[in-house]
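Working notes for the structure below.
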Amino acid sequence: MAVLYRIGEEDSRPWGHWIVVDVGKRHAVKRITVKSGARLSLQYHRGRDEVWTCIQGSGVATIDGNEVPLVSNGSVFVPKMAHHRMANTGKEDLIIIETQLGETLDEDDIIRVEDDFGRG
């Protein structure tokens, strides 16, 4: 079991920003901010499931090719190995609480399939 996140750890990305707000033996919680018009890479994880809960804005979660609209107070489950991404479709920042659940909780468990910013 690998949990490498630390509470307060944060990073800026071309699409926005994330910060770790809680960590446990089998979970990590991030607050993710996605800029208007931006989207995360299409990716999957081998070691974790995720739950995304929207707390501000509007977006579209794509999970294995299925598009799910997401608005404030809505949530979506992202199973391990599912190809997924989040896109901000609104004019304000999209803020998501991401709960990661599983055996591997770190940035090394991101396998990018497609990326708007040329990251591998």
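All heavy atoms count here, side chains included; hydrogens, waters and symmetry mates do not. Nothing fancy with the numbering, it's 1 onward along the sequence.
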Spacing of CH2 belonging to W15 relative to CG belonging to D115, to within rounding of 0.5 Å: 10.5 Å
Can you name the closest pair of heavy atoms from S36 and G90 and give their distance? OG-O, 2.6 Å
Let's go through L70 and I96 carefully: what are the C-alpha distance in whole Å and the side-chain angles of both, what is the deciding distance for side chain to side chain contact (heavy atoms under 4.5 Å, CB included) to 0.1 Å, and is it a yes or a no? CA-CA 10 Å; L70 198 53; I96 299 291; 3.9 Å; yes
For A82 and I63, which heavy atoms make the closest approach, and how far apart are they? CB-CG2, 4.0 Å
Between E107 and R13, is a salt bridge (charged side-chain N to carboxylate O under 4.0 Å, His left out) present by the stated rule, with each step listed? CA-CA 13 Å; E107 291 299 288; R13 299 292 171 101; 3.0 Å; yes
Do W18 and E9 come within less than 4.5 Å of each other through their side chains, counting heavy atoms only? yes
Look up atom CD in Q56 and atom CG in N88, then write down how far apart they are to the nearest 0.5 Å. 9.5 Å
Do V21 and I97 sit in the same hydrophobic cluster, where Ile, Leu, Val, Met, Phe, Trp and Tyr count as joined when their side-chain heavy atoms come under 4.5 Å apart? yes
Is M86 linked to V68 within one hydrophobic cluster, defined over Ile, Leu, Val, Met, Phe, Trp and Tyr using a side-chain heavy-atom separation of less than 4.5 Å? yes
Heavy-atom side-chain proximity of D22 to V20 below 4.5 angstrom: no
With no hydrogens and no angle check, is any side-chain donor or acceptor of D93 less than 3.5 Å from a backbone partner on K35? no
Any residue meeting side-chain contact (heavy atoms from CB on, under 4.5 Å) with V60, in chain and number order, not counting sequence neighbours: T62, E67, T89
Roughly how far apart are L42 CG and D64 CG, rounded to 0.5 Å? 9.0 Å
Hey, could you give me each pair passing ring-ring contact (aromatic ring centres under 6.0 Å, His included) that has a residue in residues 48-72? Not counting sequence neighbours. W52-H84
Among residues at least two apart in sequence or on other chains, which ones pass ring pair (Phe, Tyr, Trp, His ring centres under 6.0 Å) with H17? none
Between K80 and Y44, a side-chain donor and acceptor under 3.5 Å: no
Using the rule that two of Ile, Leu, Val, Met, Phe, Trp, Tyr join whenever any of their side-chain heavy atoms come within less than 4.5 Å, decide whether L40 and V113 are in one cluster. no
Is it the case that the side chain of D106 and the backbone of L4 share a donor-acceptor pair, with hydrogens and angles ignored and the cut-off at 3.5 Å? no
So, taking the atom named OG1 in T104 and the one named CZ in R26, what distance separates them when rounded to the nearest 0.5 Å? 10.0 Å
Before giving the answer on side chain to side chain contact (heavy atoms under 4.5 Å, CB included), spell out for R48 and D109 the whole-Å C-alpha distance, their side-chain angles and the decisive distance to 0.1 Å. CA-CA 8 Å; R48 68 179 186 240; D109 191 34; 3.7 Å; yes
Got Q100 and V29 here, is their nearest side-chain heavy-atom distance under 4.5 Å? no
Quick one: are C54 and L94 in side-chain contact, heavy atoms under 4.5 Å? yes
Going by an N to O cut-off under 4.0 Å, is there a salt bridge joining E50 and R85? no
Under 4.5 Å between side-chain heavy atoms, counting indirect links through other Ile/Leu/Val/Met/Phe/Trp/Tyr residues: same cluster for L101 and V78 or not? no
Identify whether the distance between the nearest side-chain nitrogen and carboxylate oxygen of E114 and R39 falls below 4.0 Å. yes
With the side chain counted from C-beta on, respond yes when R46 and M81 share a heavy-atom pair under 4.5 Å apart, and no when they do not. yes
Which atom names give the shortest non-hydrogen contact between T53 and S75, and what distance separates them? OG1-CB, 3.6 Å
Check: V76 and V51 side chains under 4.5 Å, non-hydrogen atoms: no
